[in-house]
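Numbers here are sequence positions counted from 1.
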Amino acid sequence: MDLKQLKYFLTIAEEGQITSAAKRLHIAQPPLSQQLKNLENELGIELIKRGSRHIELTDAGKILRDRASQILNLSDSTVNEILDLKKGFSGTLKIGTVSSSGTILLNSRMNEFVLKYPDVKFELYEGNTFKVLDLLDEGIIEIGIVRTPFNNSSYNCIYAEKEPMIAIMNKKYDWNESKNVVSIKELKNKPLILYRRFEQLIKDCCIKENFEPNIFCKNDDARTTILWANAGFGIGILPKSAYNLASNNNLIYKEIQNTKLTTQISAIYKKNRYLSTVAQNFINEFSLD
């Protein structure tokens, strides 16, 4: 099993048709079908179920599709690292980012970086902090933009300033229009919508005030918290910089006055691992903030 076979198989899986895959790969259909058959013979298991119009992956095919994607990404990363020595300031920078990172990648520093390095391209991978850490550990990305708290022992970290958590709500939930701040105690019995990774932190703060939070909805994306709060389903809790990530036309927000409910954005990269020139320039540029 070689990289070419994996590329062929992944293209078939993505296209759902051998004919379409052959066109995309600019090869004839019979040789592509033979490559697939050779791969199944080599592995000793059926990878696809052939239909009249579309193919369907078997369980083995689904596993190979996911692994082939990772292997090809790692192969590309390896080639890019080597070529980077020759290219210098050109190349592709792969960054993982959490949904609640707000506009950190759209600030003036990014404009300056793009103007300074016009030949640099970007690939963004989005997920929660733990997904971004996994991508970094696997070598799929070079830089992660994540939120505290996380285990930072394996990473070099550049931290932004601490920011408060906010309570976002439809006006019907606003029990005191004259205040733009709120204590954690005031959220007692209120239906809360929150980002799952902050659940324990919020629970601990509530328990310290002698009550269990009424969690109406947990999710994995700050934008979902905003959208559900905007629809009037409850009070969302999220980092302040994430407030403008989704439609909030029906919302107001109040800062939560609690020193424990703070978070930071951090740009991270693996310790003791090769960092491309492009990634190093990116880190240097954003370290100036």
Side-chain angles (χ1 to χ4, degrees), residues 95-107 110 122-135 141 144-150 160-206 209 211-258 260-267:
I95 300 175
T97 180
V98 294
S99 66
S100 62
S101 61
T103 58
I104 191 167
L105 289 180
L106 300 174
N107 62 16
M110 176 59 87
F122 295 88
E123 284 189 31
L124 296 183
Y125 294 74
E126 297 175 295
N128 60 34
T129 289
F130 302 112
K131 175 64 174 177
V132 173
L133 294 180
D134 285 342
L135 290 171
I141 60 174
I145 306 296
V146 296
R147 275 199 179 275
T148 60
F150 62 92
E161 291 183 5
K162 286 187 177 181
E163 61 177 297
M165 304 285 275
I166 59 173
I168 61 174
M169 65 196 78
N170 188 293
K171 288 185 178 180
K172 72 179 181 180
Y173 288 109
D174 189 3
W175 60 92
N176 191 338
E177 295 182 6
S178 64
K179 290 178 60 179
N180 58 7
V181 295
V182 61
S183 69
I184 195 72
K185 188 181 295 186
E186 291 176 272
L187 298 178
K188 183 178 181 179
N189 298 325
K190 302 290 193 301
L192 303 182
I193 304 165
L194 50 91
Y195 193 32
R196 185 173 279 104
R197 74 176 308 258
F198 293 126
E199 177 186 4
Q200 193 58 52
L201 178 61
I202 292 169
K203 275 187 174 180
D204 290 344
C205 291
C206 293
E209 295 293 337
F211 74 93
E212 283 278 348
N214 174 21
I215 300 176
F216 175 72
C217 172
K218 292 182 285 187
N219 61 74
D220 291 312
D221 195 313
R223 291 164 293 198
T224 302
T225 296
I226 298 169
L227 291 173
W228 277 54
N230 194 60
F233 295 141
I235 296 174
I237 299 178
L238 75 165
K240 187 175 181 179
S241 66
Y243 181 62
N244 291 315
L245 286 175
S247 176
N248 58 21
N249 53 297
N250 294 325
L251 297 176
I252 60 170
Y253 74 81
K254 299 174 185 283
E255 287 190 13
I256 301 175
Q257 292 183 310
N258 189 299
K260 297 292 185 182
L261 285 181
T262 60
T263 182
Q264 290 173 280
I265 287 288
S266 179

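- Summarising the geometry, atom CD1 belonging to Ile145 is positioned 8.0 Å from atom OG belonging to Ser266; distances are rounded to the nearest 0.5 Å.
- A distance-only check finds no donor-acceptor pair linking the side chain of Gln264 to the backbone of Thr148 [under 3.5 Å].
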Can Ile252 and Asp174 be said to form a side-chain contact (heavy atoms from CB on, under 4.5 Å), step by step? CA-CA 8 Å; Ile252 60 170; Asp174 189 3; 3.2 Å; yes
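- Between Leu187 and Ile237 the shortest heavy-atom distance is CD1-CD1, 4.0 Å.
- When side chains are defined from C-beta on, Leu192 does not count as touching Phe216, because their heavy atoms never get closer than 4.5 Å.
- Separating the CG atom in Leu238 from the OG1 atom in Thr224 is a distance of 11.0 Å, to the nearest 0.5 Å.
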Check against side-chain contact (heavy atoms from CB on, under 4.5 Å), Met165 and Phe198: CA-CA 10 Å; Met165 304 285 275; Phe198 293 126; 3.8 Å; yes
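- For Trp175 against Lys190, the heavy-atom pair with the smallest separation is CE3-CE, 3.6 Å.
- Residues Leu194 and Lys218 meet the side-chain proximity criterion, which asks for heavy atoms closer than 4.5 Å.
- Side-chain contact check for Lys162 versus Thr263: every heavy-atom pair is 4.5 Å or farther apart.
- Residues Asn258 and Ser183 bring no donor and acceptor atom of their side chains to less than 3.5 Å of each other.
- Taking the charged nitrogens against the carboxylate oxygens, Lys254 and Glu177 have no contact shorter than 4.0 Å, which rules out a salt bridge.
- A distance of 6.5 Å separates CZ in Arg223 from CG in Leu245, rounded to the nearest 0.5 Å.
- A salt bridge is defined here as a Lys NZ or Arg NE, NH1 or NH2 lying under 4.0 Å from an Asp or Glu carboxylate O, and Lys179 with Glu186 meets this definition.
- Taking 4.5 Å as the limit, some side-chain heavy atom of Glu199 sits within range of a side-chain heavy atom of Ile215.
- The two residues Ile184 and Cys206 come nearest to each other via the heavy atoms CG1-SG, 3.9 Å.
- Gly236 approaches Ala229 most closely through the heavy-atom pair N-CB, 4.0 Å.
- Within the model, atoms CG of Asn128 and CG of Asp134 stand 8.5 Å from one another, a figure rounded to the nearest 0.5 Å.
- Using a 30° and 60° split on the angle between ring planes, Phe233 and Trp228 fall in the perpendicular class, above 60°.
- Considering only heavy atoms from C-beta on, Ile202 comes within 4.5 Å of Leu261 through its side chain.
- By the 4.5 Å heavy-atom criterion applied to side chains, Ile226 and Tyr243 are not counted as neighbours.
- Between Ile256 and Ile166, every side-chain heavy-atom pair lies at or beyond the 4.5 Å cut-off.
- Between Glu209 and Lys185 there is a salt bridge, since a side-chain N of the basic residue sits under 4.0 Å from a carboxylate O of the acidic one.
- In this structure, a donor-acceptor pair under 3.5 Å is present between the side chains of Arg147 and Ser241.
- Scanning all heavy atoms of the two residues, the minimum distance from Ile235 to Ala167 falls at CG2-CB, 3.9 Å.
- Taking CG of Asp221 as the reference point, atom OG1 of Thr225 lies at 7.5 Å (rounded to 0.5 Å).
- The closest side-chain heavy-atom distance from Pro239 to Tyr195 is not below 4.5 Å.
- Note that CG of Asn230 is 4.5 Å distant from CG of Asn250, once rounded to the nearest 0.5 Å.
- Across every non-hydrogen atom of Pro213 and Lys203, the tightest pair is CG-CG, 3.8 Å.
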